[in-house]
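Notes to accompany the following structure.
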Amino acid sequence: MALVAVAPATDLGRARPPSEVLQARISSLELDSALETLDLDGLPMSLQDVVRIAEALEFDSSVSSLSLADCRLGPGEVGRLVRALKEARTVKSLSLARNPVGALGAASLASAFAKEGSVALKSLKLEQCQLGLEGAQKLARGLEKNRVLKARPSLYFSLDSAHQVVSHVL
């Protein structure tokens, strides 16, 4: 049975602010080492929130699926998350869709992929992440050295030129 962190969006009919929902879900991650799926989609995060998530993943976690779509994560937040993914070998699926990751965030991801076995990801979603051609090229170069994602490609992002670059590598 998969354990999923879900903090109620309402409390006795009163809508909970996104910050309260986010903090409750991060607390679930910190307190429950059996948690397998963490969905934080649409909850705006600060670097401090990402640091809490990263530290929990590094310490003791069984999270295999992490969804951070539309959380306003920029290159700095993605860089910190990538460092955690190198330690958190359980995370197999990551969604960063609809975040302003940009070319710098793509470079952080690429550096993690470039070293074989440095991250355990099998699925990465990057739709609408403002990667640009430069970011896509960096990802492509990193993916060239990653046999896991090359063998079972599950990389998604919506930028025609980026898709062409990565498709050529895969």
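Between Asp39 atom CG and Ser95 atom OG the span is 8.5 Å, to the nearest 0.5 Å. With rounding to the nearest 0.5 angstrom, the SG atom of Cys71 is 6.0 Å from the CG atom of Asp41. Separation of atoms CG (Leu121) and OG (Ser123) is listed at 8.0 Å; rounding is to 0.5 Å. We find the CZ-CD distance between Arg98 and Glu127 to be 7.0 Å, quoted to the nearest 0.5 Å. Distance check: Arg25 CZ to Ile53 CD1 gives 11.0 Å after rounding to the nearest 0.5 Å. Here CG of Asp70 is found 11.5 Å from CG of Leu96. Values are rounded to the nearest 0.5 Å.
Closest approach of Pro100 to Pro75, counting heavy atoms only: O-CD, 3.7 Å. A pairwise comparison of heavy atoms in Ser108 and Gly79 identifies OG-CA, 3.7 Å as the closest pair. Heavy atoms only, all atoms of each residue included: Ala110 and Lys138 are closest at CB-O, 3.1 Å. Residues Pro18 and Pro44 come closest through the heavy atom pair CB-CD, 4.3 Å.
Between Gln23 and Asp49, the closest side-chain pair of non-hydrogen atoms falls below 4.5 Å. At a threshold of 4.5 Å between non-hydrogen side-chain atoms, the residues Asn99 and Val78 do not count as touching. Taking 4.5 Å as the limit, some side-chain heavy atom of Leu94 sits within range of a side-chain heavy atom of Leu66. Between Glu55 and Arg80, some side-chain heavy-atom pair lies under the 4.5 Å cut-off. Contact annotation: the side chain of Glu77 never approaches that of Leu68 to less than 4.5 Å [non-hydrogen atoms, C-beta and beyond]. A heavy-atom distance below 4.5 Å is not found between the side chains of Glu87 and Leu57.
Side-chain atoms of Thr90 do not come within 3.5 Å of backbone N or O of Ser64 as any donor-acceptor pair. With Ser62 contributing its side chain and Leu35 its backbone, the two residues share a donor-acceptor pair below 3.5 Å.
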Under the side-chain contact (heavy atoms from CB on, under 4.5 Å) rule, what do Lys125 and Ser93 come out as? Steps first, then yes or no, please. CA-CA 8 Å; Lys125 295 184 180 181; Ser93 175; 5.8 Å; no
